[in-house]
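In what follows, chains carry the letters A, B, and so on, assigned in the order in which the sequence lines appear, proteins first and then strands, with residues in each chain numbered from 1. Because the structure is predicted, anything quoted here is derived from the model rather than measured.
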Amino acid sequence: MDIYADIRALVAAEITRLGTAGQLPDALDLSGVQVQAPRDASQGDLATNAALALAKQARMKPRDLAEPLAEALTDHGDIESVDVAGPGFINLRLAEGAWRRCIPAVLDRGIAFGDGDIGAGEAVNVEYVSANPTGPLHVGHVRGAVFGDALAALLAKAGFTVTKEYVINDAGSQITALARSVHLRYREALGEAIGDIPEGLYPGDYLVPVGRAIAGSDGDKWLGVDEAEWLEPFRRRAVVEMMALVREDLATIGIVQDVYFSENQLHLDGRIDEVLAGLEARGLIYIGVLEPPKGKKPDDWEPRPQTLFKASEFGDDVDRPLKKSDGSYTYFAADIAYHFDKYKRGFKRQIDVWGADHGGYVKRMRAAVTAVSEGEADLDVRICQLVRLLRDGEPAKMSKRAGDFVTLRQLVDEVGRDVVRFIMLTRKNDAPLDFDLARVREQSKDNPVFYVQYAHARIRSVMRNAAETFPEVDLSPAGLADADLARLSDSAELDLVKQIARWPRTVEAAALAHEPHRIAFYLHDVAASFHGLWNRGNEDPSLRFIIGEDVVLTSARLALLEAARTVIASGLAILGVEPAEEMR
RNA sequence: GCGCCCGUAGCUCAGUCGGAUAGAGCACUUGAUUCCUAAUCAAGGGGUCGCAGGUUCGAGUCCUGCCGGGCGCACCA
C-alpha cells in the first residue's frame, strides 16, 4: 500500500466526479496532479497542487477550482481536515488511523514492502563495470560497480525486469599487450630471466600465476615459436584468466552479473558488418574528412578520408568515425553493434554506467542507439564522477601492489564491503565523492553506514529484550500485526509512521530518476527518526518501548519498531548492505 | 576553442516530473544516561541558492549569456 498513491487516486476520482456532475470542466488531463508532503508539516500531512496544475486548462482561477474540490474531499473518511492555502494548494490532514494502517501492511509484506509496479515488468538492461579485462579492478571501477548494482536492484524493486550486464572489451589492442605480457610471464615461469617489463606491457604481479599456469598445463610448446602462432591462444587464455579475476573481485562486494558479453564475438560473427550495412542502407554512413578539433590540433593531424556515421543528425556535435585509417573498426563501431544486439534482445530501455572520463562519448552513443533502433530504444548513460581516497582529510597513500593503482580488494580489505557499498551511494553519481578511509571506520554518526546499521541493530536489541520481558507474547511480525496501534499517539511515533509510509514513493521516485543515492538518504532519515524516538524515552520514561506493566502498549510500539526495521532492511537490500544484528 | 558535469550555511552535501517561510550532518554554544550501547538525542545561531537576464500564478530546480572548478576532445580502448 502506498498512501500517497491512494490519496492521489482519490483526488483524481473526485475531480472526475465533479467534472461529470458539471461542477468542474469535464475530461481534464490529470497528469500534472501530484500529492506530496508539504515541506512544513504544520501545513498538513499531504498537499495536492491539483488546482494549480489544472487552472490553465480549466480556464479557472486556482482558488475557484480548489474550493469545490476541497469540499468534495472533506467527505472521505480517511481525511480529517481540508483547507485551501497559498495560491491554491489543498492541504490535507489524514486521520491517524489512515497512517497507522501502513504498519500492519509492512509487517505483512516484510522487506517486499515498497515493491512497486511502475516498471510493469518491462525489460531494462543495466550495463556496468565493463572494465577492460587486463587486471584486477581498482578504486576507479568501484563506484560505477556499486552504483550500477544498486540501480539494478532499485529498478527491480520498482517492478522492472532487470538484466545486469558486463561487456568484455576483449577485442582491442590492449588485449594483444596483455597476451604479450602473459607470454613474458610464461617464459619467466619456465626459468628465463625476463628483466624489466617493457614499456607498453602490463607490469603487475597478478600475471605471474597466469604465466605459471600456462607453463604448467602446456609445458614449453609456446617457447621459441613465432608470435603469430602463440598470440591468439594467449589472448584467449589471458582474457579467461582476467575475467575470472574480475569476477572474484566483484564477488567481494557482492556483485554477480547476469550476462558477460564478449565484444570479440561481435567481430567474429560479422555482426558489426551487419549493423553498419543497415545504417548504410538508410544513408547514415559516408566517406568524409573530419575537421581538426579547434584549439587543440594534434601534432600529427592530417586530413584523412574515413567511414563516418551521421551522428550529428541525432544530436551529436559532429559525425563519428567507424573505421580507423587501416580499415579496421573503431571501438565505436563495435559498441553500436553491441547496443543494437541489446535492442534485438528486447531491451528498449538501456542504461550504461560509465566513468567520468567517458563523458565525451555519451552523445554519440545515444545518437547511435536512436539510429539503429529507429527511435524505439532509449539509452540513459549515467556518468560516475571520480572518487578521491582520503585518510583524515589528506589524500590517502596506499601501497600499489598491482602495478600503479589501488585495487578494489585493498579497499574492501581495509574498510569492509558494506562500508564501500554504502559510502559510494551517499552522493549523486554525477558529483565527485570523497572517500575518507579513516572516517568511514569510525563508529559515530559522522559515519552514515554506522548510523543506519546502528538503528537496525538497536531495534533488534529491543526485540531481544522484549522477548525476555514478555516470554509468553508472540513478537513475530505476524503477532505484532494484531497490536492495538491506536496506542501510538505520541507525535514522534506518528512522525516515524509517516516516514515509513513514504517508502514506496521513495522507491518509485528514485527508480524513475535512476538515482539510488536517494535510498541512502532516506535510510539515514528513518534512522534519525528512530534514534530521536529512542531518546524520547530517556527524557520521559513513559515513552520507552518496553513498558513492563502494559503489554498492549508495548506491542503497539514494537510493531512500529519492527516496521521501521523492516523498511531499513528493505532499503539496505537495494544498496546491497547487510543489516546489522548487533554492533560490537 | 568546443562538448558534458558541477557551483546551495565556515566545511561536506540533500533538496520530490517547477510549489508555500531553502534542509541535514560536521564545526561552535547549551542541555539530556534507571529502559535497550550517550556509538545517541534535544535546543540555538549561521544563506545575495556563483553572477545577470528570461519563461510563469510560482524558479535552487527550466531557457540564454557570463564567471569559477572537474572531465573529455580525428584514427586509442
Can you check whether A:Leu52's main-chain N or O pairs, donor with acceptor, with A:Asn49's side chain at less than 3.5 Å? no
Tell me, with the steps shown, if A:Asp170 and A:Arg235 meet salt bridge (Lys or Arg N to Asp or Glu O under 4.0 Å). CA-CA 8 Å; A:Asp170 52 1; A:Arg235 282 172 59 105; over 6 Å; no
Checking contacts here: which listed nucleotide (B:C6, B:G3, B:C35) is nearest the side-chain heavy atoms of A:Asn538? B:C35
Any residue of residues 499-523 of chain A with a heavy atom less than 4.0 Å from an atom of RNA chain B: A:His517, A:Arg518, A:Phe521
Would you please indicate if the ring centroids of A:Tyr451 and A:His531 are separated by under 6.0 Å? yes
Would A:Phe147 and A:His517 count as a ring-ring contact (aromatic ring centres under 6.0 Å, His included) if you check the C-alpha gap in whole Å, the side-chain angles of each, and the deciding distance to 0.1 Å? CA-CA 9 Å; A:Phe147 175 87; A:His517 76 277; 8.6 Å; no
Any donor-acceptor N/O pair, A:Thr307 side chain to A:Lys323 backbone, under 3.5 Å: no
Using the P atom as the point on both nucleotides, what is the distance between B:G25 and B:C17, in whole Å? 24 Å
Side chains of A:Glu165 and A:Tyr338: do they bring a donor and an acceptor to under 3.5 Å? yes
Can you check whether A:Gly537's main-chain N or O pairs, donor with acceptor, with A:Arg544's side chain at less than 3.5 Å? yes
Using 0.5 Å steps for rounding, measure from the CG atom of A:Asp83 to the CD1 atom of A:Ile90. 9.5 Å
Protein-nucleotide distance (A:His524, atom NE2; B:U40, atom P), rounded to Å: 10 Å
Stems involving RNA chain B: give each as a range paired with a range, ordered by first number, where a stem means at least three consecutive Watson-Crick or G-U wobble pairs under 3.5 Å. B:1-7 with B:67-73, B:10-13 with B:23-26, B:28-32 with B:40-44, B:50-54 with B:62-66
A:Lys363 NZ to B:G3 C1': how many Å, rounded? 5 Å
Among residues 323-337 of chain A, which contact RNA chain B at a heavy-atom distance under 4.0 Å? A:Lys324, A:Ser325, A:Thr330, A:Tyr331
My understanding is that only residues two or more places apart in sequence, or in another chain, count here; which of them pass salt bridge (Lys or Arg N to Asp or Glu O under 4.0 Å) with A:Arg388? A:Asp434
Looking at A:Glu562 and A:Arg565, does any basic side-chain N land under 4.0 Å from a carboxylate oxygen? yes
At 4.0 Å (heavy atoms only), tell me whether A:Val462 reaches a base, stays on the sugar-phosphate, or touches nothing. base
Sub-6.0 Å ring centroid separation between A:Tyr128 and A:Tyr166: no
Between C1' of B:G15 and CD of A:Gln36, the distance in whole Å: 12 Å
Name the orientation class of the two ring planes belonging to A:Phe309 and A:Phe314 (parallel below 30°, tilted from 30 to 60°, perpendicular beyond 60°). parallel
Look up atom CD in A:Glu263 and atom CD1 in A:Ile175, then write down how far apart they are to the nearest 0.5 Å. 9.0 Å
Integer-rounded Å distance: B:C35 C1' and A:Leu553 CG: 13 Å
Integer-rounded Å distance: B:C4 C1' and A:Asp380 CG: 14 Å
Please determine whether side chain to side chain donor-acceptor pair (under 3.5 Å) holds for the pair A:Ser328 and A:Asp326, giving the CA-CA distance in whole Å, both sets of side-chain angles, and the decisive distance to 0.1 Å. CA-CA 6 Å; A:Ser328 64; A:Asp326 66 0; 2.7 Å; yes
Nearest to the side chain of A:Leu52 - B:G19, B:A77, B:C13? B:G19
A:His358 side-chain proximity, nearest of B:C6, B:A20, B:A77: B:A77
Taking the C1' atom of each, how far is B:C6 from B:G45, in whole Å? 30 Å
Could you tell me how far B:G23 sits from B:G19 if I compare only their C1' atoms? Round to whole Å. 16 Å
Please check the phosphate of B:U16 (OP1 and OP2 only) for any side-chain N or O of A:Gln34 closer than 4.0 Å. no
For the base of B:A32, is there a side-chain donor-acceptor partner from A:Asp540 under 3.5 Å away? no
Which nucleotide sits closest to the side chain of A:His531: B:A20, B:U16, B:C41? B:C41
Residue A:Tyr451, side-chain heavy atoms: nucleotide from B:C5, B:U40, B:A77 that is nearest: B:U40
Ordered by number, residues from residues 140-148 of chain A within less than 4.0 Å of RNA chain B (heavy atoms) are none
Of A:Leu386 and A:Arg544, the one whose closest nucleotide on RNA chain B sits nearer the 5' end is A:Arg544
Given B:G19, B:A32, B:C35, the nucleotide with the shortest approach to the side chain of A:Asn535: B:A32
With sugar-phosphate meaning primed atoms plus P, OP1 and OP2, does A:Asn91 contact a base, only sugar-phosphate, or nothing at under 4.0 Å between heavy atoms? base
Of the listed nucleotides (B:A77, B:A74, B:C35), which one gets closest to any side-chain atom of A:Leu290? B:A74
For A:Asp540, does the CG atom sit with more than 12 other heavy atoms under 6.0 Å from it, leaving out its own atoms? yes
Please confirm whether any donor atom in the side chain of A:Arg304 sits under 3.5 Å from an acceptor in the base of B:C75, or the reverse. yes
The side chain of A:Arg364 is closest to which nucleotide in this list: B:C57, B:C75, B:U34? B:C75
Quick check: on RNA chain B, is the nucleotide nearest A:Gln385 upstream (toward 5') of the one nearest A:Gly537, or the reverse? Name the residue that is more 5'. A:Gln385
For B:A9 versus B:G46, give the span between their C1' atoms, rounded off to a whole number of Å. 6 Å
Looking only at side chains, do A:Ser529 and A:Asp495 share a donor and an acceptor under 3.5 Å apart? no
Separation of atom OH in A:Tyr166 from atom C1' in B:A77, rounded to whole Å: 13 Å
Rounded to the nearest Å, what distance is computed from the CZ atom of residue A:Arg536 to the P atom of nucleotide B:U33? 15 Å
Quick one: is B:G15 close enough that its OP1 or OP2 comes under 4.0 Å of any side-chain N or O from A:Lys428? yes
Rounding to the closest angstrom, what is the interatomic distance between B:U61 and B:G7 at atom C1'? 14 Å
Sequence neighbours left out, what passes side-chain hydrogen bond (donor to acceptor under 3.5 Å, both in side chains) with A:Asn132? Give chain and number order. A:Asn169
Whole-angstrom distance between B:G47 and B:G60, as gauged at atom C1': 12 Å
